[in-house]
Number of protein chains: 2
Amino acid sequence: MGEQKLFIPKGYRKTKQREAILKVLERAEYPITAEHIFMELKNDGIDISLSTIYRNLEMLTKEGLTVKSYMMNEDKARYALPDKKNYLVCEKCGKIVIIDNCPFDKFKEELIEVHGFDITGHSIEVYGICPECQKK
Amino acid sequence: MGEQKLFIPKGYRKTKQREAILKVLERAEYPITAEHIFMELKNDGIDISLSTIYRNLEMLTKEGLTVKSYMMNEDKARYALPDKKNYLVCEKCGKIVIIDNCPFDKFKEELIEVHGFDITGHSIEVYGICPECQKK
DNA sequence: GTTTTTTTGCAAATCATTTGCATTTGGAAG
DNA sequence: CTTCCAAATGCAAATGATTTGCAAAAAAAC
Ligand SMILES: [Mn+2]
Ligand SMILES: [Mn+2]
Ligand SMILES: [Zn+2]
Ligand SMILES: [Zn+2]
(Lines give C-alpha, C1' and ligand atoms only; values in the text may rest on other atoms or scores of the structure.)
(Ligands and ions follow the chains in the order given, each with its own letter.)
Protein backbone atom coordinates (compact mmCIF):
# COMPACT_ATOMS: atom_id res chain seq x y z
CA MET A 1 0.00 0.00 0.00
CA GLY A 2 1.19 3.46 -0.77
CA GLU A 3 3.83 1.99 -3.07
CA GLN A 4 4.51 4.31 -5.94
CA LYS A 5 6.75 3.11 -8.73
CA LEU A 6 8.60 5.85 -10.51
CA PHE A 7 9.16 5.39 -14.20
CA ILE A 8 10.96 7.21 -16.96
CA PRO A 9 8.32 9.25 -18.72
CA LYS A 10 7.41 8.55 -22.33
CA GLY A 11 9.71 10.24 -24.79
CA TYR A 12 12.80 10.21 -22.59
CA ARG A 13 15.64 7.73 -22.79
CA LYS A 14 16.60 5.19 -20.23
CA THR A 15 20.06 5.95 -18.90
CA LYS A 16 21.85 4.59 -15.87
CA GLN A 17 22.06 8.08 -14.38
CA ARG A 18 18.34 8.64 -14.80
CA GLU A 19 17.47 5.31 -13.21
CA ALA A 20 19.87 5.89 -10.35
CA ILE A 21 18.27 9.24 -9.56
CA LEU A 22 14.81 7.71 -9.59
CA LYS A 23 15.94 5.00 -7.23
CA VAL A 24 17.22 7.53 -4.72
CA LEU A 25 13.99 9.49 -4.91
CA GLU A 26 11.99 6.34 -4.34
CA ARG A 27 13.75 5.31 -1.20
CA ALA A 28 13.89 8.81 0.26
CA GLU A 29 11.55 9.31 3.17
CA TYR A 30 11.14 13.03 2.63
CA PRO A 31 12.13 15.80 0.21
CA ILE A 32 15.85 15.79 -0.60
CA THR A 33 18.28 18.13 -2.34
CA ALA A 34 20.21 17.63 -5.57
CA GLU A 35 23.38 17.54 -3.52
CA HIS A 36 21.90 14.81 -1.35
CA ILE A 37 21.19 12.69 -4.40
CA PHE A 38 24.72 13.33 -5.57
CA MET A 39 26.29 12.08 -2.35
CA GLU A 40 23.90 9.19 -2.06
CA LEU A 41 24.96 8.03 -5.52
CA LYS A 42 28.62 8.55 -4.74
CA ASN A 43 28.08 6.14 -1.86
CA ASP A 44 26.52 3.63 -4.19
CA GLY A 45 29.65 3.95 -6.30
CA ILE A 46 27.77 5.67 -9.08
CA ASP A 47 29.61 8.50 -10.74
CA ILE A 48 27.35 11.24 -11.96
CA SER A 49 27.52 14.94 -12.64
CA LEU A 50 25.59 17.42 -10.53
CA SER A 51 24.31 19.11 -13.66
CA THR A 52 22.87 15.84 -14.86
CA ILE A 53 21.03 15.58 -11.58
CA TYR A 54 19.67 19.10 -11.91
CA ARG A 55 18.64 18.53 -15.49
CA ASN A 56 16.80 15.36 -14.59
CA LEU A 57 15.08 16.87 -11.59
CA GLU A 58 13.86 19.70 -13.77
CA MET A 59 12.51 17.21 -16.28
CA LEU A 60 10.86 15.04 -13.63
CA THR A 61 9.23 18.07 -12.07
CA LYS A 62 7.99 19.33 -15.40
CA GLU A 63 6.51 15.90 -16.06
CA GLY A 64 4.87 15.92 -12.65
CA LEU A 65 6.75 12.93 -11.29
CA THR A 66 8.42 14.94 -8.56
CA VAL A 67 7.54 18.03 -6.59
CA LYS A 68 9.99 20.81 -5.85
CA SER A 69 9.88 22.70 -2.57
CA TYR A 70 11.93 24.95 -0.35
CA MET A 71 12.40 24.71 3.37
CA MET A 72 12.65 27.46 5.94
CA ASN A 73 16.17 28.86 6.22
CA GLU A 74 17.58 26.73 3.45
CA ASP A 75 18.49 28.17 0.12
CA LYS A 76 18.40 24.95 -1.78
CA ALA A 77 15.49 23.23 -3.47
CA ARG A 78 14.25 19.85 -2.37
CA TYR A 79 12.53 17.25 -4.48
CA ALA A 80 10.19 14.42 -3.57
CA LEU A 81 7.59 12.10 -4.97
CA PRO A 82 4.17 13.74 -4.84
CA ASP A 83 3.04 11.64 -1.90
CA LYS A 84 5.80 13.09 0.24
CA LYS A 85 5.16 16.68 -0.57
CA ASN A 86 3.32 17.75 2.55
CA TYR A 87 5.36 17.67 5.70
CA LEU A 88 6.04 18.85 9.21
CA VAL A 89 9.49 20.28 10.02
CA CYS A 90 10.89 20.58 13.51
CA GLU A 91 12.39 24.03 13.97
CA LYS A 92 14.84 22.73 16.56
CA CYS A 93 16.28 19.52 15.15
CA GLY A 94 15.13 19.69 11.55
CA LYS A 95 13.27 16.42 11.70
CA ILE A 96 10.82 15.99 8.86
CA VAL A 97 7.60 14.03 9.15
CA ILE A 98 5.41 13.40 6.14
CA ILE A 99 1.74 14.27 6.39
CA ASP A 100 -0.30 11.39 5.02
CA ASN A 101 -3.99 11.67 4.35
CA CYS A 102 -3.54 15.21 3.18
CA PRO A 103 -6.36 17.25 4.59
CA PHE A 104 -6.17 19.64 1.73
CA ASP A 105 -8.65 17.83 -0.45
CA LYS A 106 -11.44 18.97 1.79
CA PHE A 107 -10.53 22.61 1.09
CA LYS A 108 -10.14 22.13 -2.55
CA GLU A 109 -13.86 22.26 -3.25
CA GLU A 110 -14.22 25.40 -1.22
CA LEU A 111 -11.30 27.11 -2.97
CA ILE A 112 -12.64 26.23 -6.39
CA GLU A 113 -16.00 27.65 -5.44
CA VAL A 114 -14.70 30.85 -3.89
CA HIS A 115 -11.95 31.76 -6.34
CA GLY A 116 -12.94 29.93 -9.50
CA PHE A 117 -9.47 28.46 -9.94
CA ASP A 118 -8.99 25.13 -11.62
CA ILE A 119 -6.64 23.65 -9.05
CA THR A 120 -3.71 21.57 -10.31
CA GLY A 121 -1.55 21.19 -7.25
CA HIS A 122 -0.54 22.41 -3.84
CA SER A 123 2.05 22.05 -1.16
CA ILE A 124 1.80 22.46 2.56
CA GLU A 125 4.67 23.05 4.90
CA VAL A 126 4.13 23.09 8.63
CA TYR A 127 6.65 24.27 11.22
CA GLY A 128 6.74 23.25 14.83
CA ILE A 129 8.60 21.49 17.58
CA CYS A 130 8.74 17.72 17.51
CA PRO A 131 7.88 15.66 20.61
CA GLU A 132 11.53 14.91 21.40
CA CYS A 133 12.56 18.54 21.23
CA GLN A 134 9.63 19.55 23.39
CA LYS A 135 11.02 17.47 26.22
CA LYS A 136 14.40 19.20 26.15
CA MET B 1 -10.96 44.61 10.15
CA GLY B 2 -7.96 42.53 9.16
CA GLU B 3 -5.78 45.61 9.52
CA GLN B 4 -2.35 44.65 10.71
CA LYS B 5 0.05 47.38 11.69
CA LEU B 6 3.69 46.51 11.28
CA PHE B 7 6.06 47.90 13.84
CA ILE B 8 9.79 47.91 14.44
CA PRO B 9 10.39 45.17 16.96
CA LYS B 10 11.74 45.97 20.40
CA GLY B 11 15.50 46.25 20.49
CA TYR B 12 15.93 47.49 16.93
CA ARG B 13 16.43 51.08 15.89
CA LYS B 14 14.05 53.20 13.92
CA THR B 15 15.63 54.14 10.60
CA LYS B 16 14.10 55.62 7.50
CA GLN B 17 15.11 52.56 5.48
CA ARG B 18 13.47 50.22 7.97
CA GLU B 19 10.26 52.18 8.01
CA ALA B 20 10.19 52.44 4.24
CA ILE B 21 10.52 48.68 3.89
CA LEU B 22 7.71 48.10 6.36
CA LYS B 23 5.48 50.48 4.45
CA VAL B 24 6.00 48.59 1.21
CA LEU B 25 5.25 45.29 2.91
CA GLU B 26 2.09 46.72 4.38
CA ARG B 27 0.64 47.91 1.13
CA ALA B 28 1.64 44.81 -0.84
CA GLU B 29 -1.28 42.60 -1.74
CA TYR B 30 0.76 39.41 -1.86
CA PRO B 31 4.28 38.11 -1.20
CA ILE B 32 6.97 40.24 -2.87
CA THR B 33 10.69 39.93 -3.54
CA ALA B 34 13.55 41.98 -2.16
CA GLU B 35 14.09 43.35 -5.63
CA HIS B 36 10.45 44.39 -5.78
CA ILE B 37 10.82 46.36 -2.58
CA PHE B 38 13.96 47.92 -3.97
CA MET B 39 12.23 49.16 -7.12
CA GLU B 40 9.13 50.24 -5.27
CA LEU B 41 11.29 52.42 -3.04
CA LYS B 42 13.20 53.79 -5.98
CA ASN B 43 9.85 54.92 -7.33
CA ASP B 44 9.09 56.63 -4.06
CA GLY B 45 12.39 58.41 -4.47
CA ILE B 46 13.91 56.55 -1.56
CA ASP B 47 17.50 55.51 -2.01
CA ILE B 48 18.36 52.29 -0.29
CA SER B 49 20.81 49.45 -0.68
CA LEU B 50 19.67 45.98 -1.63
CA SER B 51 21.74 44.51 1.17
CA THR B 52 19.93 46.69 3.67
CA ILE B 53 16.68 45.28 2.37
CA TYR B 54 17.92 41.71 2.69
CA ARG B 55 19.23 42.34 6.19
CA ASN B 56 15.95 43.81 7.29
CA LEU B 57 13.86 41.08 5.74
CA GLU B 58 15.97 38.53 7.54
CA MET B 59 15.43 40.34 10.82
CA LEU B 60 11.70 40.74 10.28
CA THR B 61 11.34 37.08 9.43
CA LYS B 62 13.34 36.04 12.46
CA GLU B 63 11.09 38.20 14.61
CA GLY B 64 8.04 36.67 13.01
CA LEU B 65 6.73 39.87 11.47
CA THR B 66 7.08 38.55 7.94
CA VAL B 67 6.93 35.15 6.32
CA LYS B 68 9.37 34.03 3.65
CA SER B 69 8.26 31.77 0.83
CA TYR B 70 9.29 30.55 -2.60
CA MET B 71 7.14 30.26 -5.66
CA MET B 72 7.17 27.58 -8.34
CA ASN B 73 9.78 28.23 -11.01
CA GLU B 74 11.19 31.31 -9.35
CA ASP B 75 14.54 31.28 -7.69
CA LYS B 76 13.95 34.26 -5.47
CA ALA B 77 12.40 34.46 -2.04
CA ARG B 78 9.23 36.38 -1.39
CA TYR B 79 8.17 38.03 1.82
CA ALA B 80 4.76 38.94 3.16
CA LEU B 81 2.89 39.77 6.30
CA PRO B 82 1.62 36.59 7.94
CA ASP B 83 -1.95 37.17 6.84
CA LYS B 84 -0.91 37.04 3.20
CA LYS B 85 1.10 33.87 3.45
CA ASN B 86 -1.39 31.42 1.97
CA TYR B 87 -2.13 31.92 -1.67
CA LEU B 88 -3.27 30.60 -5.02
CA VAL B 89 -0.98 31.07 -8.03
CA CYS B 90 -2.14 30.85 -11.62
CA GLU B 91 0.27 28.69 -13.61
CA LYS B 92 -0.55 30.57 -16.80
CA CYS B 93 -0.50 34.25 -15.95
CA GLY B 94 1.10 34.22 -12.53
CA LYS B 95 -1.81 35.93 -10.83
CA ILE B 96 -1.72 35.56 -7.07
CA VAL B 97 -4.83 35.43 -4.92
CA ILE B 98 -4.61 35.40 -1.15
CA ILE B 99 -6.49 32.69 0.72
CA ASP B 100 -8.36 34.26 3.60
CA ASN B 101 -10.01 32.24 6.29
CA CYS B 102 -7.17 29.80 6.18
CA PRO B 103 -8.63 26.35 6.37
CA PHE B 104 -5.52 25.04 7.98
CA ASP B 105 -6.62 25.70 11.52
CA LYS B 106 -9.04 22.82 11.29
CA PHE B 107 -6.18 20.45 10.55
CA LYS B 108 -3.97 21.78 13.20
CA GLU B 109 -5.69 19.87 15.97
CA GLU B 110 -5.50 16.67 14.01
CA LEU B 111 -1.82 17.13 13.25
CA ILE B 112 -1.00 17.86 16.85
CA GLU B 113 -2.81 14.73 17.90
CA VAL B 114 -1.32 12.46 15.27
CA HIS B 115 2.29 13.64 15.31
CA GLY B 116 2.69 15.27 18.68
CA PHE B 117 4.25 18.39 17.19
CA ASP B 118 3.82 21.75 18.85
CA ILE B 119 2.88 23.67 15.73
CA THR B 120 4.28 27.16 15.33
CA GLY B 121 3.48 27.99 11.73
CA HIS B 122 2.66 26.83 8.26
CA SER B 123 2.37 27.95 4.70
CA ILE B 124 0.16 26.71 1.92
CA GLU B 125 0.74 27.25 -1.74
CA VAL B 126 -1.83 26.21 -4.28
CA TYR B 127 -1.32 26.04 -8.03
CA GLY B 128 -3.99 26.22 -10.64
CA ILE B 129 -5.49 28.09 -13.53
CA CYS B 130 -7.34 31.30 -12.80
CA PRO B 131 -10.83 31.95 -14.22
CA GLU B 132 -9.56 34.32 -16.90
CA CYS B 133 -6.93 31.89 -18.14
CA GLN B 134 -9.46 29.08 -18.21
CA LYS B 135 -11.46 30.99 -20.80
CA LYS B 136 -8.51 31.36 -23.18
C1' DG C 1 27.32 67.25 22.85
C1' DT C 2 29.92 63.05 23.34
C1' DT C 3 30.03 58.17 23.50
C1' DT C 4 28.47 53.70 22.28
C1' DT C 5 26.09 50.54 19.40
C1' DT C 6 23.47 49.68 15.40
C1' DT C 7 22.68 50.21 10.76
C1' DT C 8 23.87 51.27 6.24
C1' DG C 9 26.28 51.29 1.61
C1' DC C 10 29.42 49.45 -1.38
C1' DA C 11 32.09 46.06 -3.25
C1' DA C 12 33.55 41.56 -3.07
C1' DA C 13 32.48 36.83 -1.98
C1' DT C 14 29.21 32.84 -1.87
C1' DC C 15 27.02 29.16 -3.60
C1' DA C 16 23.04 26.82 -5.62
C1' DT C 17 21.68 26.42 -10.16
C1' DT C 18 22.12 26.96 -15.15
C1' DT C 19 24.31 26.86 -19.55
C1' DG C 20 27.62 26.12 -23.70
C1' DC C 21 29.88 22.85 -25.97
C1' DA C 22 32.39 18.71 -27.07
C1' DT C 23 31.69 13.85 -26.27
C1' DT C 24 29.13 9.73 -25.28
C1' DT C 25 25.08 6.96 -25.41
C1' DG C 26 20.34 5.01 -26.43
C1' DG C 27 17.61 3.06 -29.44
C1' DA C 28 15.34 3.27 -33.99
C1' DA C 29 16.16 1.74 -38.59
C1' DG C 30 17.94 -1.09 -41.96
C1' DC D 1 24.79 -6.64 -35.78
C1' DT D 2 26.26 -2.04 -37.80
C1' DT D 3 24.86 2.66 -38.85
C1' DC D 4 23.03 7.02 -37.69
C1' DC D 5 21.06 10.84 -35.17
C1' DA D 6 18.81 12.89 -31.46
C1' DA D 7 19.07 12.96 -26.66
C1' DA D 8 21.88 12.86 -22.54
C1' DT D 9 26.05 13.57 -20.06
C1' DG D 10 30.33 15.76 -18.10
C1' DC D 11 33.06 19.54 -17.35
C1' DA D 12 34.02 24.12 -16.90
C1' DA D 13 32.40 28.60 -17.06
C1' DA D 14 28.57 31.78 -16.32
C1' DT D 15 24.60 33.35 -13.68
C1' DG D 16 22.15 35.63 -10.27
C1' DA D 17 20.10 35.84 -5.78
C1' DT D 18 21.80 36.38 -1.37
C1' DT D 19 25.45 37.16 2.04
C1' DT D 20 29.40 39.27 4.12
C1' DG D 21 33.53 42.40 5.47
C1' DC D 22 34.53 46.77 6.48
C1' DA D 23 34.54 51.72 6.87
C1' DA D 24 31.32 55.53 7.23
C1' DA D 25 26.72 57.37 8.87
C1' DA D 26 23.02 57.50 12.08
C1' DA D 27 20.35 56.28 16.33
C1' DA D 28 19.84 55.87 21.03
C1' DA D 29 22.23 56.23 25.40
C1' DC D 30 24.84 58.89 28.63
MN1 LIG E 1 22.68 31.38 -2.03
MN1 LIG F 1 20.02 31.48 -9.57
ZN1 LIG G 1 12.93 18.21 16.93
ZN1 LIG H 1 -4.23 33.24 -14.99
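The figures that follow rest on heavy atoms only: side chains count, while hydrogens, waters and symmetry mates do not. None of the values given here were measured: they were computed from a predicted structure.
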May I ask you to verify if any side-chain N or O of [X] is less than 4.0 angstrom from the OP1 or OP2 atom of [N]?
X     : N      : result
B:T15 : C:dT7  : no
B:Y54 : D:dT18 : yes
B:S49 : C:dC10 : no
B:Q17 : D:dA26 : no

Can you measure [X] atom [atom1] to [N] atom [atom2] for me and round it to whole angstrom units?
X     : N      : atom1 : atom2 : answer
B:N56 : D:dT19 : CG    : C1'   : 14 Å
B:Y12 : D:dA26 : OH    : P     : 22 Å
B:D75 : C:dT14 : CG    : P     : 20 Å
B:K42 : C:dG9  : NZ    : P     : 12 Å
A:L50 : D:dA8  : CG    : C1'   : 16 Å
B:I21 : C:dT7  : CD1   : C1'   : 11 Å
A:I46 : D:dA8  : CD1   : P     : 18 Å
A:I37 : D:dT9  : CD1   : P     : 13 Å

From [atom1] ([X]) to [atom2] ([Y]), nearest 0.5 Å:
X     : Y      : atom1 : atom2 : result
A:Y79 : A:N56  : OH    : CG    : 11.0 Å
A:I21 : A:L41  : CD1   : CG    : 7.0 Å
B:R18 : B:T52  : CZ    : OG1   : 9.5 Å
A:E74 : A:S69  : CD    : OG    : 9.0 Å
B:I99 : A:H115 : CD1   : NE2   : 7.0 Å

Exercise for review: Can you see which heavy atom on B:Q134 is nearest to which on A:D118, and at what distance?
Suggested key: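 Looking at all heavy atoms of both residues, the closest pair is NE2-N, 3.1 Å.
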Study note, to complete from the structure: Judged by nearest nucleotide, the residue sitting upstream toward the 5' end of DNA chain C, A:K14 or B:I48, is B:I48
Point to revise | Position toward the 5' end of DNA chain C (nearest nucleotide), B:T52 or B:R13 | key: B:R13
Point to revise | Five-pair end axes of the helix from C:dG1-D:dC30 to C:dG30-D:dC1 and the angle they enclose, rounded to 10° | key: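 Inter-axis angle at the termini of the helix from C:dG1-D:dC30 to C:dG30-D:dC1: 40°.
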Check your understanding: Within the distance-only criterion (no hydrogens, no angle test), does the side chain of B:K84 pair as donor or acceptor with the backbone N or O of B:A28 below 3.5 angstrom?
Key -> yes
Check your understanding: Hey, does the side-chain of A:R18 have a donor or acceptor N/O within less than 3.5 Å of a partner on the base of C:dG26?
Key -> no
Point to revise | Under-3.5 Å donor-acceptor pair between A:R55 side chain and C:dT18 base | key: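 Between C:dT18 and A:R55, which were checked side chain against base, a qualifying N/O pair under 3.5 Å is absent.
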Check your understanding: Closer to the 5' end of DNA chain D via nearest nucleotide, is it B:K16 or B:A77?
Key ->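 That would be B:A77.
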